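Accompanying notes for the structure given below.
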Amino acid sequence: MLDSKLRFFLQKCLVLEQAKQVHAQLVVNRHKHLESILVHQTLQFTKEFSRNVVIYVKRILKGFNIVDSFSWGCLVRFLSQHRKFKETVSLYIEMHNFGIPPSSHAITSVLSACGKMDNMVDGNSIHAQALKSGLCGCVYVQTGLVGLYSRLGCIEMAKKVFDDIAKKNTVSWNSLLHGYLESGDLDEARRVFDKIPEKDVVSWNLIISSYAKKGDMGNACSLFQAMPLKSPASWNILIGGYVNCGEMKLARTYFDTMPQKNSVSWTTMISGYTKLGDVHSAKELFIHMSKKNKLVYDAMIACYAQNGKPKDALKLFYQMLESNSDVQPDEMTLSSVVSASSQLGDISFGTWVESYITQHGIQIDDLLITSLIDLYMKGGDFAKAFKLFNDLNKKDTVSYSAMIMGCGINGMATEANSLFREMIEKKIPPNLVTFTGLLSACSHSGLVQEGYKCFKTMKDYNLEPSADHYGIMVDMLGRAGRLEEAYELIKSMPMQPNAGVWGALLLASGLQNNVEFGEIACSHCVELETDPSGYLLHLANIYTSVGRWEDARNVRDAMEEKKLRKALGCSWVEGSNH
DNA sequence: GTAGGGTTAG
């Protein structure tokens, strides 16, 4: 009697606090045999990932006096489902060391985690373990292995395991299909797709997503229309395809017409607008979404951070912390947030983030470390930045560039150059950002020869200097007093010089009190910018410095007049609204 | 088994 009552009660266990209360009751009433149901229910109903749930459940599991592979498997699956792949594998190992034999549940989850992490080593040893424990006859485990080898690009192994499956289900077929898609063999994938006896919505989604990823929206769209039953994922795949092509209008049409939007639909659209720099449309969508989950917050925070709105990014982050205890930031959220604070030059935020990470047990990863490196380099805490740099699991183009960029800003040319040499030795390819850092290091240290050499090196790496790179070169030459050379370089540019390039020449002309180049540079700046008052003021100062008071006054007068006209224009517009 | 979020410049 009490059993069924408790069972009913357990079904209602939606949040951790309730689970804890019920658990206390179980213990008091000596119903420990119901603990595994509690574990199962709690994990099933926890929609948003929460580390507290993991800690709590693990404590219950370790208190079991019976071997319960099923409950352990539930926790392994919970971690894998919430994309905590590293933790999935380490819990699996912990479970093994605890003497719990693997369940098919646990094995399939840990295999999928290994696949998503590109972790062949653990994947292989789990395969071996599955063979030893006799679980390889289980279709779920076999299918999990097909999925693992498919993801890791070992299509031959995948095919071998697949052929051994006695009773293949649709999931087994789909896993193999996934393998051919992953290896880029679209023709073979299409043959497998046509051979699947009972295609389900995932079979269709897989083949459609492969066309969408290739940018072949014609095929993707016609298959989408042909499929008998569409799931929200099918719509999201199509929308994602259009987003990747930059076709936001078409994406929006499908988004607006789809019958059941889910959070993926919203995040896909928001990130599409992010990439095009359309913060307004992204925000519009974000505001109108009713139940926002963590990923939607992440997408919107990233949108602000990537589009030069760091204050908005931080504001939304604080809002996220306050809004809902279910939505907890993780390393993904924090990397955007750190990038925003770096843009604001707020180095104290780094210390806050680091303590937040330890307090909440967040797994720090290379991307988050990279954003912290950038923050500390810009803030001048080089010791901390170098330490973090050495902590990286894998140094890549972005992390090297962040370091070099920081050296560049702080005029550390020697360090920048040795980092550059190091990355070349390690065969890590530099990109345009790397050279921005290197060139600005030379510029800030007055190393003209070195700068030229660097600039010319770019083509060895198939990199075309951008207008910004020219801007730094102009700045460097200008500071060295070589205005003529700087002007020649601007004239040689294959693209239209921007206001930054001319501004650099103007600034240098100011340092040298050179009217001739000052006038040229300023006239271009005025053409390119809507508010040229700063440039004009600069030119006026150049006139003053060489004693041409009359010209200086003329420029200032012209500025005043423009300002007045602008002010009048504004008040006229405002007035007309009333 | 399918769909969504993060790091370096401007």
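The model shown is predicted, which means the values in this text are computed figures rather than measured ones. Labels below follow one simple rule: chain letters A, B, ... track the order of the sequence lines, proteins then strands, and each chain is numbered from 1.
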(request) Quickly work out the A:Y297 OH to B:dG4 P distance and round it to whole Å. (result) 22 Å
(request) Could you check whether A:R83 gets within reach of a base, just the sugar-phosphate, or nothing at all, counting any heavy atom under 4.0 Å? (result) base
(request) Would you mind classifying the nucleic acid contact of A:N307 as base, sugar-phosphate or nothing, using non-hydrogen atoms under 4.0 angstrom? (result) nothing
(request) Could you identify which residues of residues 227-240 of chain A place a heavy atom less than 4.0 Å from some atom of DNA chain B, listed by residue number, or say none? (result) A:A233, A:N236, A:I237
(request) For A:S339, answer base if it contacts any base atom (sugar-phosphate contacts may also be present), sugar-phosphate if it contacts only those atoms, and nothing otherwise; contact means non-hydrogen atoms under 4.0 Å. (result) sugar-phosphate
(request) Assess whether one donor atom and one acceptor atom, taken from the side chain of A:N205 and the base of B:dG1, lie less than 3.5 Å apart. (result) no
(message) Is it the case that B:dG4 (base atoms only) and A:S271 (side chain only) share a donor and an acceptor within less than 3.5 Å, ignoring hydrogens and angles?
(response) no
(request) Not counting sequence neighbours, which residues clear side chain to side chain donor-acceptor pair (under 3.5 Å) with A:D118? List them please. (result) none
(request) Answer yes or no: does a side-chain N or O of A:Q343 lie under 4.0 Å from OP1 or OP2 of B:dG10? (result) no
(message) List the residues meeting side chain to side chain donor-acceptor pair (under 3.5 Å) with A:S234, not counting sequence neighbours, and say none if there are none.
(response) A:N205, A:S231
(message) Considering every strand and a 4.0 Å limit on heavy-atom distances, what is the contact class for A:I208: base, sugar-phosphate, or nothing?
(response) nothing
(request) Indicate, with a heavy-atom threshold strictly under 4.0 Å, whether A:E331 touches base, sugar-phosphate, or nothing. (result) base
(message) Please enumerate all residues that pass side chain to side chain donor-acceptor pair (under 3.5 Å) together with A:D200, with sequence neighbours excluded.
(response) A:N174, A:S203
(message) Taking donor-acceptor contacts at under 3.5 Å, does the side chain of A:S335 reach the base of B:dT7?
(response) no
(message) List the residues meeting side chain to side chain donor-acceptor pair (under 3.5 Å) with A:N390, not counting sequence neighbours, and say none if there are none.
(response) none
(request) Give a yes or no on whether a donor-acceptor pair under 3.5 Å exists between the nucleobase atoms of B:dG10, that is its base, and the side chain of A:N498. (result) no
(message) When you measure from the centre of the six-membered ring of A:Y400, is the NZ or CZ of A:K395 closer than 6.0 Å and no more than 45° off the axis?
(response) no
(request) Mind jotting down which residue pairs meet the ring-ring contact (aromatic ring centres under 6.0 Å, His included) criterion with at least one end in residues 360-382 of chain A? Sequence neighbours excluded, please. (result) A:Y356-A:H360
(message) In this structure, how many angstroms lie between the P atom of B:dT2 and the NZ atom of A:K213, rounded?
(response) 9 Å
(message) So, under a plain 3.5 Å distance rule, would you say the side chain of A:S175 forms a donor-acceptor pair with the base of B:dG1?
(response) no
